[in-house]
> 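Sharing a structure, written as structure tokens. Questions coming.
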Amino acid sequence: MLFIGIRTCCRLILPVIIVAYLCLLTVPVSAGKIYKWRDQQGRLHFSDSKHNVPAELLNEAKEYQPDSSSITVMPGSEPISDNVAKTTDRDKLRKDSFSIPYVSREGSASRVIINVTFNGTVTAPILVDTGSPGLIISDDLAHRLGLFDKNGSRLMVLISGIGGTKTAARTIINKLSIGSITEEFIPAHIVSEKWDAYAGLIGMDILSSYTLTIDPANQRLIANEIPAVRNRPAGRDKVWWQAKFREFRFYSEFWEQQVMLVDRSNSPYSRLPPSEHKKLKSFIFQQRDEAQELFSKLERFARWRNVPRHWRR
């Protein structure tokens with residue numbers, strides 16, 4: 001089932017032009033391919049599209065395999081009893097390291113589930129999934145965070161994963177905290193998926209700034225912050241900023257075009273019965289407003305963090 005607001009909107013997207021165009025908005029999640037490469041300075045980059053890989057490095061880009069390249073599993077050791085990471089000569093924590101407790105099981109399945117605090121108000125269990133390029137949260141968590149207006153409205157997109165293509169909503173989380181780690185301005189997808197043990201997935205949008213080590217004996221996720229490098233405003237590189245500006249500008253321009261088309265006598269919308277046309281027109285205007293608001297948030301945050309202008313095109 002789709003979440004409140006999206007369920008109603010889906011019935012309104014009758015014209016073929018909308019359905020066809022929404023198919024172009026598909027965003028890969030945990031089952032999608034992720035590519036990694038190193039730039040000339042040796043920095044590691046991730047992307048869910050080969051189009052984001054610099055042309056001169058395209059032949060070097062490899063499909064990302066999270067189990068082998070992103071997380072190190074420590075050999076077994078005696079478990080700690082005070083729930084605080086042990087600092088021995090063998091695995092002493094660095095000053096830029098964070099020790100995060102995790103839940104290791106969902107039924108009989110092995111998992112890494114950590115507590116994440118959203119916007120400083122709501123803490124929820126979130127599954128660590130290095131195969132996911134971004135943050136995904138359930139609609140239940142989104143409602144707890146007040147991310148829907150009174151009509152349940154949000155920008156609709158489609159995402160693809162193991163279960164196929166499904167409707168989701170695009171949003172932005174203002175702040176996210178994992179223990180002592182704090183990140184700001186995190187684009188996220190809201191889905192109607194319901195998980196028993198967690199309320200979402202956290203992926204490479206956050207984790208790419210850290211090397212990760214799993215300590216299963218002590219049920220700790222050790223995150224070592226990658227040393228800061230130049231030209232990473234808000235901890236994001238040029239590829240990230242350009243990709244986000246392309247995405248959110250795309251949404252804004254597309255729905256603005258639909259606003260201009262909806263009342264034209266020769267548009268596909270003119271074939272709808274008056275009652276359906278009225279509902280669809282309302283939906284298109286709502287989507288236009290949501291898309292413009294998200295793009296404005298991105299633009300304001302980029303200016304505040306001094307993102308170069310040519311990265312925002």
> Between Trp241 (side chain) and Pro233 (backbone), is there a donor-acceptor pair under 3.5 Å?
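Pair found, side chain donor or acceptor close to backbone of Pro233.
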> Could you state the interatomic distance from CD1 (Ile181) to CG (Leu176), rounded to the nearest 0.5 Å?
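Nearest 0.5 Å value for the CD1-CG distance: 9.5 Å.
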> Quick one: salt bridge (charged side-chain N to carboxylate O under 4.0 Å, His left out) partners of Arg249, sequence neighbours excluded?
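Per chain and number, Arg249 pairs via salt bridge (charged side-chain N to carboxylate O under 4.0 Å, His left out) with no residue.
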> So, using ring pair (Phe, Tyr, Trp, His ring centres under 6.0 Å) as the criterion, who are the partners of Tyr198 when residues are at least two apart?
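Expected list: Trp195.
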> Should Ile173 and Leu147 count as side-chain neighbours, where that means a heavy-atom distance under 4.5 Å?
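They are in side-chain contact.
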> Does the ring center of Phe245 lie less than 6.0 Å from the ring center of Trp240?
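No.
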> Measuring from Leu294:CG to Ser252:OG, what's the distance to the nearest 0.5 Å?
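Leu294 CG to Ser252 OG: 9.5 Å, rounded to 0.5 Å.
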> If we check side-chain hydrogen bond (donor to acceptor under 3.5 Å, both in side chains) with Tyr269, which of these qualifies: Glu276, Gln258, His277, Arg264?
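Of the listed residues Glu276, Gln258, His277, Arg264, the side-chain hydrogen bond (donor to acceptor under 3.5 Å, both in side chains) partner of Tyr269 is Gln258.
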> Begin with the C-alpha distance, continue with both residues' side-chain angles, and end with the deciding distance and a verdict on side-chain contact (heavy atoms from CB on, under 4.5 Å) for Leu212 and Leu221.
CA-CA 7 Å; Leu212 304 173; Leu221 179 66; 4.2 Å; yes
> Tell me, please, which residues at least two apart from Phe185 pass ring pair (Phe, Tyr, Trp, His ring centres under 6.0 Å).
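Checked Phe185 against ring pair (Phe, Tyr, Trp, His ring centres under 6.0 Å); matches are Phe301.
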> Quick one: list whatever passes salt bridge (charged side-chain N to carboxylate O under 4.0 Å, His left out) with Arg288, sequence neighbours left out.
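If we apply the salt bridge (charged side-chain N to carboxylate O under 4.0 Å, His left out) test to Arg288, skipping adjacent residues, the hits are Glu256.
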> Applying salt bridge (charged side-chain N to carboxylate O under 4.0 Å, His left out), can you list everything that pairs with Asp263, at least two apart in sequence or on another chain?
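Testing Asp263 for salt bridge (charged side-chain N to carboxylate O under 4.0 Å, His left out), a comparison that skips the adjacent residues, returns Lys281.
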> Quick check: does any side chain N or O of Thr123 sit under 3.5 Å from a backbone N or O of Thr117, one acting as donor and the other as acceptor?
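Answer holds: no.
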> Quick check for you: to the nearest 0.5 Å, what is the distance between Phe118 atom CZ and Lys175 atom NZ?
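With rounding to 0.5 Å, CZ (Phe118) is 13.0 Å from NZ (Lys175).
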> Which atoms form the tightest heavy-atom contact between Asp237 and Arg232, and what is the distance?
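It is CB-NH1, 3.8 Å.
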> Can you tell if the side chain of Ile113 reaches within under 4.5 Å of the side chain of Val128, non-hydrogen atoms only?
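Result no, sub-4.5 Å side-chain heavy-atom pair not found.
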> Look at the side chain of Ser267 and the backbone N and O of Leu261, then say whether any donor-acceptor pair between them is shorter than 3.5 Å.
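Side chain of Ser267 to backbone of Leu261, a donor-acceptor pair under 3.5 Å: yes, one is there.
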> Does the side chain of Arg111 come within less than 4.5 Å of Arg105's, by heavy atoms?
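Contact flag for Arg105/Arg111 side chains = no.
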> Does any non-hydrogen side-chain atom of Pro101 lie less than 4.5 Å from one of Gln219?
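No - every pair of side-chain heavy atoms lies 4.5 Å or more apart.
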> Compare all side-chain heavy atoms of Ile214 with those of Val112 and state whether any distance is below 4.5 angstrom.
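SC-SC contact between Ile214 and Val112 confirmed.
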> I need the minimum non-hydrogen distance between Gly200 and Ile126, along with the two atoms involved.
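So the two residues come closest at O-CG2, 3.4 Å.
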> Are side-chain heavy atoms of Gln292 and Trp255 found at a separation under 4.5 Å?
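When only atoms from C-beta onward are counted, Trp255 and Gln292 do not touch, as no gap falls below 4.5 Å.
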> As an exercise, state the distance from CZ of Arg236 to CD of Glu183, rounded to the nearest 0.5 Å.
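It is 6.0 Å, given to the nearest 0.5 Å.
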> Show, in sequence, the C-alpha distance, side-chain angles and deciding distance for Phe248 and Glu253, and conclude whether the side-chain contact (heavy atoms from CB on, under 4.5 Å) test is met.
CA-CA 9 Å; Phe248 287 104; Glu253 291 178 351; over 6 Å; no
> What closest approach, in Å, do Ile190 and Asp139 show between heavy atoms, and which atom pair accounts for it?
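Minimum heavy-atom separation between Ile190 and Asp139: CG2-CA, 3.6 Å.
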> Using the salt bridge (charged side-chain N to carboxylate O under 4.0 Å, His left out) criterion, which residues pair with Arg144? Sequence neighbours excluded.
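Partners of Arg144 by the salt bridge (charged side-chain N to carboxylate O under 4.0 Å, His left out) criterion come out as none, since no residue qualifies.
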> Should the pair Arg300-Glu293 be classified as a salt bridge under the 4.0 Å nitrogen-to-oxygen rule?
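Yes.
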> Judged by atom type as modelled, is there a donor-acceptor pair below 3.5 Å linking the side chain of Arg170 to the main-chain atoms of Ala188?
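Judged by distance alone, yes, a pair lies under 3.5 Å.
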> Return the CD1 to OG1 distance between Ile137 and Thr171, rounded to the nearest 0.5 Å.
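That separation rounds to 7.0 Å.
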> With a 4.5 Å cut-off on side-chain heavy-atom distances among I, L, V, M, F, W and Y, is there a chain of contacts connecting Met260 to Phe295?
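No, no single cluster joins them.
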> Judged by atom type as modelled, is there a donor-acceptor pair below 3.5 Å linking the side chain of Asn119 to the main-chain atoms of Asn174?
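Yes, because the side chain of Asn119 sits within donor-acceptor range (under 3.5 Å) of the backbone of Asn174.
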> Check the pair Phe98 / Tyr210 against side-chain contact (heavy atoms from CB on, under 4.5 Å), numbers first and verdict last.
CA-CA 10 Å; Phe98 304 90; Tyr210 304 87; 4.0 Å; yes
> When you measure from the side chain of Glu193 to the backbone of Ser138, do you find a donor-acceptor pair of N or O atoms at a distance under 3.5 Å?
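No: the side chain of Glu193 does not pair with the backbone of Ser138.
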> Quick check: closest heavy atoms across Ala234 and Arg305, and the distance to 0.1 Å?
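Heavy-atom minimum between the residues: CA-NH1, 3.4 Å.
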> Applying side-chain contact (heavy atoms from CB on, under 4.5 Å) between Leu135 and each of Ile202, Leu201, Ile206, report the one that passes.
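Considering Ile202, Leu201, Ile206, a side-chain contact (heavy atoms from CB on, under 4.5 Å) with Leu135 is found only for Ile202.
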> Rounded to the nearest 0.5 Å, how far does CZ of Arg246 lie from CZ of Arg312?
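Rounded to the nearest 0.5 Å, the CZ-CZ separation comes to 15.5 Å.
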> I'd like to know whether Ile186 forms a side-chain contact (heavy atoms from CB on, under 4.5 Å) with Ile172, so could you lay out the CA-CA distance, the side-chain angles of the two residues, the decisive distance to 0.1 Å, and finally the verdict.
CA-CA 6 Å; Ile186 306 98; Ile172 293 171; over 6 Å; no
